[in-house]
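One structure below.
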Amino acid sequence: MRTLPIYVEPVPAETISGYIGRLAESHCLEVGEIRRALIREAGRSTWSDSDPRVAVALARLCGLPDDALEVSFEEHGMWTRCGHPRWVPQKCWRCRTLAEPHAACAECAGGFTTTTRARTGPLCLMHSRWTLRGLAVK
C-alpha cells in the first residue's frame, strides 16, 4: 500500500475514527474512501475501529510505525477496583479501562476536530485551552 502524501501527526491516544477524519480533511478525501482502503488492506469485510489489523493498516497508510496508533495503557489507562481479587485494592488486568473518547485540543490537533482517549481533562495544559462538549475556549 502506498502512503498518503501529507504527513498528519497523531495526537496522543487519538481514536482511529478521529485520526481518519483528520486524514480525510487534510487530503480532501471522504472518510468512507479511507475506510474502504483500510478494510481491503486489513482483510476484513466490515468496518471495526477496535480491530488491531485496521490500526496497523492505517499506520502503514500514513507511513507510521505499526504500533503508532495503539493507546498506551501505562500512560492513559485507569485501574478499576473490582471483585475479582476479593475486593482487595490491587490492579486487576481484566477490569482495567481506558478513558471514554473525548474532544482533543484543537491546537494539538493542528486546527482539526478529533477525539482522543488520553487520560486528560477538558483543559490542555500545553496550550491552556478548554475543550469540552464541542466548546473550545482559549
Next item on the list: Consider only side-chain heavy atoms of I, L, V, M, F, W and Y, link residues closer than 4.5 Å, and tell whether V31 and L69 are in one cluster.
Entry: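 Yes: a chain of side-chain contacts under 4.5 Å links V31 to L69.
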
Margin query: Assigning hydrophobic clusters by single linkage (Ile, Leu, Val, Met, Phe, Trp, Tyr; side-chain heavy-atom cutoff under 4.5 Å), is L38 placed with I16?
Written below: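 Yes; I16 is reachable from L38 via cluster members.
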
If I take atom [atom1] from residue [X] and atom [atom2] from residue [Y], how far apart are they, to the nearest 0.5 angstrom?
X	Y	atom1	atom2	result
R129	C105	CZ	SG	5.5 Å
L98	T15	CG	OG1	12.0 Å
I34	I39	CD1	CD1	12.0 Å

Checklist line | Donor-acceptor side-chain pairing of E14 and T116 below 3.5 angstrom | finding: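 Judged by distance alone, the side chains do not pair up.
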
Item checked: Short side-chain donor-acceptor distance under 3.5 Å, S50 and S48 ->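 S50 and S48 do have a side-chain donor-acceptor pair below 3.5 Å.
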
Closest heavy-atom contact between [X] and [Y]?
X	Y	result
V11	A104	CG1-CB, 4.3 Å
A13	A118	CB-N, 3.4 Å
P10	L64	CG-CD1, 3.7 Å
P65	A59	O-CB, 3.3 Å
L58	I20	CD2-CG1, 3.9 Å

Would a 4.5 Å heavy-atom cut-off, applied to side chains only, mark [X] and [Y] as touching?
X	Y	answer
L61	E41	no
C108	H127	yes
R119	E75	no
V8	F112	no

Look at the side chain of [X] and the backbone N and O of [Y], then say whether any donor-acceptor pair between them is shorter than 3.5 Å.
X	Y	result
E70	D67	no
H102	T115	no
H76	S72	no
R117	E100	no
Y19	E9	no
T3	G63	no

Check: What's the verdict on side chain to side chain contact (heavy atoms under 4.5 Å, CB included) for R35 and S17, showing C-alpha distance, side-chain angles and the deciding distance?
Finding: CA-CA 9 Å; R35 283 186 175 183; S17 294; 3.8 Å; yes

